[in-house]
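Notes follow once the structure below has been shown.
Lettering of chains follows the sequences in order, A, B, ..., and the numbering in each one begins at 1.
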Amino acid sequence: MSVLKRSPLIEGNKTYKDITEDICKPIESLPGKGWFSYFVPSVFTLMLWISVVATLIGVGLGLLGLSHPVGWGTPIVTFVFWIGIGHAGTLISAILFLFRQKWRTGINRAAEAMTIFAVMVAGLFPLIHVGRPWFAFWLIPYPNQRGPLWVNFRSPLLWDVFAVSTYATVSLVFWYMGMIPDLATVRDRAKNKIRRLIYGMLSLGWRGTNRNWSHYESVYLILAGLSTPLVLSVHTIVSFDFAVATLPGWHTTIFPPYFVAGAIFSGFAMVVTLMCLVRAGFPQMKSYITVDHLEVMNKIIMTTGLMVGYAYASEFFIAWYSGVEYEKYAFVNRAFGDYWWSYWIMAICNVVIPQVFWFKKMRRNIYVMFVISIFVNIGMWFERFVIIVTSLHRDFLPANWGYYHFTWFDAGLLFGSFGMFFTLFLLFLRAIPMVAMSEVKPVLSVGRDASGGHHE
Amino acid sequence: MINNDSSKYWRELNPNLEPELAKTLEEEFQSSPLASGDGKDGVARRDFLKLMGASLALSTTSCIRRPVQKIVPYVNRPAGLIPGVSQYYSSSWSDGGSVYGLIVKTREGKPIKFEGNPAFAVNGGALSARAQAHLLSVYDPDRLKDPAKVSGGTSTKVTWDQLDEDVSKKLSQGGVYFLTSSIPSPSTRMLISDFSSAFGAKHVAWDPLGQDQISSGQKESYGSAIMPRYRFHKARMIVSVECDFLGTWISPVEFARDFSVGRAPNSTMSKFVAFESNLSMTGANADLRVRIKASQQVHVILGLAHEIAVKKGLSRYAGAPGLRERLAAYAKAHEKLGIEEALWSRIADDLWAHRGQSLIVAGGLSASPGVGLQIAANLLNSILENDGKTIDYSEAPYVGFQSSYEDIKGLIRDMQAGKVKTLMIHKLNPAYVLGSNSGFVEACKNVPTIIYTGSHFDETAKLATYLAPDNHDIEDWSDAEAQKGVYVIQQPTIRPLGNTRSFQMSLINWAYMEEKGPKRLLDAENWYDYFTKYWMNQQRALGRPGSFEDFWHNFLQTGVVDVSGAGRDKVAAARSFRVSALDKISVPKDSNSLELVLYSSVSLGDGSDSNIAWLQELPDPVTKLVWDSYLSVSPERAKQLGVKSNQVVSVKTATGEMKLPVWVQPGLHDDVVAVAVGQGRDMQGRVANGVGANAFKLVDWSNDSSPVSSGLEVNLTVTSEISELACTQGHHSMEGRQIVVEATLDHYLKDNNANIHRHKITSIWSAHEYKGYKWGMAVDLSSCIGCNACMTACQSENNIPVVGKKYVLQGREMHWIRIDRYYVGNESNPDTVFQPVMCQHCDHAPCETVCPVAATTHSPEGINEMTYNRCVGTRYCSNNCPYKVRRFNWFSYIKESSPISMTQKPRNMALNPEVTVRSRGVMEKCTFCVQRIHEAKNHAKNENRKLQDGEVKTACQQTCPTGALIFGDMNDPNTQVSKLFKEQRTYSLLEEWNAQPSVRYMTKVRNTEHLKGAPAHHATGKASHSEPAKAAPHSDTGSTEKGSSHEPAHGGH
């Protein structure tokens, strides 16, 4: 075995048939206790979330801890958090596809699903956070009878509407496109009519012909090309919400790359969290979602973690270097002011803890990476909290200074959103092949030596 | 179906059943669902159900109509009333003996705003926050609506006829007493004396805020009990001792206006030295403020008197017999006060240098001892030759005050002795404002009949026998003589909202029923008749020419009859001070114990209007707290006691005990704790009930010369309880930023640009073009005294909701204009600065760019407009506003169910129809009173001309007593605002941010030698930047600036 020999992408000497059987099994069998033990609490949390959101819309945003200087709080923090998570999927499937990273095949389907669901959850937050959600459609520039009333194209919030909706649409189409051959497989294996009908409709008449494949490949490539800039643009534009404002602590040119790095960081962490759970729940998936996969992602987490850490440091440098007193105060206040704890939670979770991944043993330890990936996401939620809340709570005129009083509704809004995310994700695991069969099969041979591979 | 035919189907093998059972079997169903054959069963079930169904359908579905809501057009429009056009009536409000001339703005018959009457010499066009808010008391939903009989603390509604019958019988039994607040209305006083002469009644007046001290002190010092007028505008050196003359003392609006005249930053700027224990709004405006113990007030004045008259041997009193001996005890007063000798001597020298142009004022609720302090102040004023010059005792002194401690003590004694058979209480709530050891409440048990004319079922109403609710001030006729020869009308501007009757009409009725009294009383058809006849005589007495018709018409129109005229500022000969009066001063004993000082707050005063939510949510000018009572403790004392803000302590004095949360207050003397009166109502109404504690209870009434409300010995017990206080301001130091620019007078006179750090600003954007008007506002920080009048005026004009304590704690108060108060210097005795901040109407408004739906836009006249209908509530604008002047509707504040809501009936009648009432989820902010601008513009357009400078006044500007806010057209170089903008002391807030605000500030100039804060901005600010305050927002009151630890003793002058 040469040193450059690649380790196999799929473990366990699988055949094509094995792959199909393994991957289709969760779709074709009834869920067991394990799945329900996740699903029931998730649905319960979702219900809780719906009631929290309904109360907020019915009674008023005053139920949250939002206040006079701190006009944005939990809803926007959590919006940016979920949008950030929504980055990994498209990055894995589009950018890694363009870079011909074959290891992506094992995780791209689930990661993309995660993206879609995260963006769905995220997209609701701006609606929840506005004072009059029933008029939120005014942010869409549509022909109307209100005379010259039109949206304000100078507002970053409007850019946000376009960026997020474009990203959501393209990601969804991309995900669905990639799924068609697999859906056709499920259709072909279906043993009852309804099943065949549903998957038949979803697979859009896929027959696996040469023409089908040829069209499919080119569309997939085009969509990958379209998605790639979007991966970078969404969070860039989300960061403009802050960077374009005049508030010290927001008004920073480093924000676009810093936000994108942070988004990849949190997105990969969420993929690791989910993949660890999937491996535990569906042991047969360990062959497709291997420790090698996870190790690669952990490397990316560590790298982006360092980038984020660099951004934290350079923000402080620029604040000092700029000589702007408000800017300086804003950053000193972040680290040592009333919200020092949130800053240090962020710094420890995002910069210190991922350093554990320098050690290969740790990188490959499922338990370690599971815990770290959760810490990373806690840290990333606090990063947005730090940026939004600590900058707002003490700005220019000290008389305005205030504090963000976290309420139960804030907690419900944050934790409840996980209910929606996990409900959707758990349903996904049971309805759609969680690993892209059609992409895994071509890489079956990678890393196998001539003798050991096929047993036929 | 059961078939009774003969051919039966068999059912069982054995059909021989018992007949009973056979019958049961046949009629398995006890009755048929169809109509029964014989009709015996009545209506069949199916028919019944059909009928029921049909009737249900008929009665519900077809009969629903929307409830009829009739709108009634003005078919017969009242003469002179145009719907949609405001009408203005002159009127007045007498707050005890203090009188405010009003212009009442009404719309479609509803008074919606109070403004000061510019023709009235006392308050002019200005009003205080309380006077502005008094409007809402007419619409108080808790007002008594009917006369009632009270027994055992519960009231039963009666008719006026029943009440009159009962009362008139009681009156003839004698022993009739009146207990009222000061009544400045000469016609009412005449009516009371007419009535009293007929029924042998006695009239006792009492004002709770210590107004009686002055006339008593005058009587002791000069022989006649008058209330002189203080001419602050003529004083170039003012020394106040525990006297909140800008906030609550006698006639604060007038004093504020006069005070500001002398405060223009030029070579004749007055110097103001304040000695006080608690940091009052007045003290916050001082050039030099010295902390003293409450028991040292007399020492300050007599110490200065000794310094001038005895030590330096100046003035005509220098050799006055007996003076030297009587002042000997005060030779070392400055040592006792902890003031450096050089400074002390300098103050004395300055006073002497400005003799005849100086003014010593002392007194109020926090004075100790009440009358003695007045005597001392009179002596010093006499020494300084101020009497007759800055103190007007002869031309236009106050005549509205009749309060007498002796009288009310006598009344209580008479009540205890059972001499009082019928007690009529009017415009006073004695059960609330008298100290718990006054014995009043117990003495009421000996009074068979108490008639109360109050507007609420309050503490006194509970003790009363009959409730004869009086009309509100703006529901009935009256008048007031504020100062000698200065009369003002009180016109009704709305029909009484309830079945109430004026106090005066009641007296006339009762006199008529008993057929007692002078002819003019018995002849009067009603109060209006009596009132106009009084003025017919008065016209002659005042020597006003012309027919009564003309005189009356003119009086109603202008609201004022002023015969004081040019004599107002005439110099009179000094009276001679009786040195022997000094023996009457009972100097408080020296004690090492903690002293409690009671004071009246700017928002609530004596607490009579505490049921007005505007006032409850109006931040105290100094503490910035709302909706509560609290014990102010100095930072040093708090450290010693180991208490922090919000911690509850038990406050115990000889007369009572109460639990209050602590507020750590810079500037308070370390041996003093202070609490405001006016809260602690439990029977006033839905707003005031349960808020805070009643500190009037702690006033000691055992003293003979005046009630003791200051320097009370107090014991504090710290509890573990926490009661959070709601502060509207988050942080109290400017952190070295250029926010309020201060300069000393000398520095400013040398360089008008003093201490303003200018920035070189370049912009890549082209500026807006303003072709017509361009509105702007100048804010003179030298003039602003922080009195909050603008906040209430704005609230009234713009329908601004109140949110309640719970939400103020979360920083959600809604005021469009706020007054930021910063402390400068060390926290034991800092300098205080005030800064009104409203929307700055930036030319490069950061809010406008970020709104995704263009709900906030720039008007062609430079106003940053807010379109509520378009707002979806992203709050991005607020986040991006460097001044944070935008306010968000977190909830629906217009819900009628909330007890503090402006839409709760009949409070909704006070809403300004020109201003949208905002719904939930939208942003709002100052509009520069755009509705006023448009009204004035329409007016000018009709006359085909341009607006003149001063024609449009914003609500805040209109009511400002000191003229600190100047609004106008920046495009016209001749307007006042344009001229001020060209002055060198004008700067923009956060100038370097280049938002280009249309509101600009003007340096605060202090007549002192050193500023406590180092010159602001880059020069010395660095130390504070690197070290953000660590403590909670409300406790880090001290400044972190370096080089700013000048104690007052080393500072000023």
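- Looking at A/Asn152, its side chain does come within 3.5 Å of a backbone N or O of B/Thr849 through a donor-acceptor pair.
- Between the A/Asn400 side chain and the B/Tyr883 main chain, a donor and an acceptor come within less than 3.5 Å of each other.
- Looking only at heavy-atom pairs under 4.5 Å with chain B, the residue among A/Pro69, A/Pro248, A/Ala399 that has the most is A/Ala399.
- The aromatic rings of B/Tyr876 and A/Trp72 sit tilted, their planes meeting at an angle between 30° and 60°.
- In plain terms, the two heavy atoms of B/Arg818 and A/Leu397 that are nearest each other are NH2-CD1, 3.7 Å.
- At distances below 3.5 Å, not a single donor-acceptor pair connects side-chain atoms of B/Arg812 with backbone N or O atoms of A/Ser67.
- Contacts between A/Leu127 and chain B at a heavy-atom distance below 4.5 Å are absent for every atom of the residue.
- Listed options B/Gly811, B/Ala855, B/Gly921, B/Pro846 were ranked by heavy-atom pairs under 4.5 angstrom with chain A; first place goes to B/Gly921.
- Only the backbone of A/Phe240 comes within contact range of chain B, judged by heavy atoms closer than 4.5 Å.
- Contacts of A/Phe242 with chain B are made by backbone atoms alone, with heavy-atom separations under 4.5 Å and no side-chain atom involved.
- Annotation for B/Thr874 and A/His129: closest pair O-NE2, 3.1 Å, computed over non-hydrogen atoms.
- Remark: side-chain polar atoms of B/Asn880 are not paired, donor with acceptor, to backbone N or O of A/Ala245 under 3.5 angstrom.
- Each of A/Val244, A/Leu61, A/Leu66, A/Leu247 has some count of heavy-atom pairs under 4.5 Å with chain B, and the biggest count is that of A/Leu66.
- Using a 4.5 Å cut-off between heavy atoms, A/Trp134 contacts chain B through its side chain alone, with no backbone atom that close.
- With a 4.5 angstrom heavy-atom cutoff, B/Pro882 touches chain A via backbone and side-chain atoms both.
- No more than 12 heavy-atom neighbours from other residues, nucleotides or ligands sit within 6.0 angstrom of CH2 on B/Trp765.
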Do B/Arg737 and A/Tyr329 pass the side-chain contact (heavy atoms from CB on, under 4.5 Å) test, and can you show the C-alpha distance, the side-chain angles, and the key distance before you say yes or no? CA-CA 11 Å; B/Arg737 299 172 180 183; A/Tyr329 182 82; 3.3 Å; yes
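- Considering every non-hydrogen atom in both B/Cys881 and A/Asp395, the closest pair reads O-OD2, 4.0 Å.
- Heavy-atom distances place the backbone of A/Leu64, and not its side chain, under 4.5 Å from chain B.
- Of the listed residues (B/Glu813, B/Arg887, B/Arg821), the one with the most heavy-atom contacts under 4.5 Å to chain A is B/Arg887.
- The contact between B/Ser878 and chain A is made entirely by side chain atoms (from C-beta outward), counting heavy-atom distances below 4.5 Å.
- Residues of residues 864-872 of chain B that come closer than 4.5 Å to chain A, counting heavy atoms only, are B/Tyr868, B/Asn869, B/Arg870, B/Cys871, B/Val872, ordered by residue number.
- For the set B/Gln810, B/Glu848, B/Arg920, the entry with the most heavy-atom pairs within less than 4.5 Å of chain A is B/Arg920.
- Ranked by heavy-atom pairs under 4.5 Å with chain B, the list A/Val161, A/Asp241, A/Leu158, A/Val324 is led by A/Asp241.
- Listed for the A/Arg394 side chain is no donor-acceptor partner under 3.5 Å among the backbone atoms of B/His731.
- The environment of A/Phe316 atom CZ is dense: over 12 non-hydrogen atoms of other residues, nucleotides or ligands sit within 6.0 angstrom.
- Considering all non-hydrogen atoms of both residues, B/Leu809 and A/His405 come closest at O-NE2, 3.6 Å.
- Crowding of A/Trp408 atom CH2: a count of heavy atoms from other residues, nucleotides or ligands under 6.0 Å not exceeding 12.
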Evaluate side-chain contact (heavy atoms from CB on, under 4.5 Å) for A/Trp250 paired with B/Asn879, printing each intermediate quantity in order. CA-CA 10 Å; A/Trp250 285 12; B/Asn879 287 351; 3.6 Å; yes
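- Taking the side chain as every heavy atom from C-beta outward, A/Arg132 and B/Ser919 approach each other to under 4.5 Å.
- In this structure a side-chain-to-backbone donor-acceptor pair under 3.5 Å is present from A/His68 to B/Arg886.
- Put simply, of B/Val803, B/Val850, B/Val837, the one with the most heavy-atom pairs under 4.5 Å next to chain A is B/Val850.
- Of all non-hydrogen atoms in B/Phe891 and A/Val59, the two that sit nearest each other are CD2-O, 3.6 Å.
- Residue A/Ile140 does not touch chain B at all, counting heavy-atom pairs closer than 4.5 Å.
- B/Glu992 and A/Tyr326 are linked by a side-chain donor-acceptor pair at a separation below 3.5 angstrom, with hydrogens and angles left out of the test.
- Residue B/Thr857 does not touch chain A at all, counting heavy-atom pairs closer than 4.5 Å.
- Qualifying salt bridge (Lys or Arg N to Asp or Glu O under 4.0 Å) partners for A/Glu327, counting only residues two or more places apart in sequence or in other chains: none.
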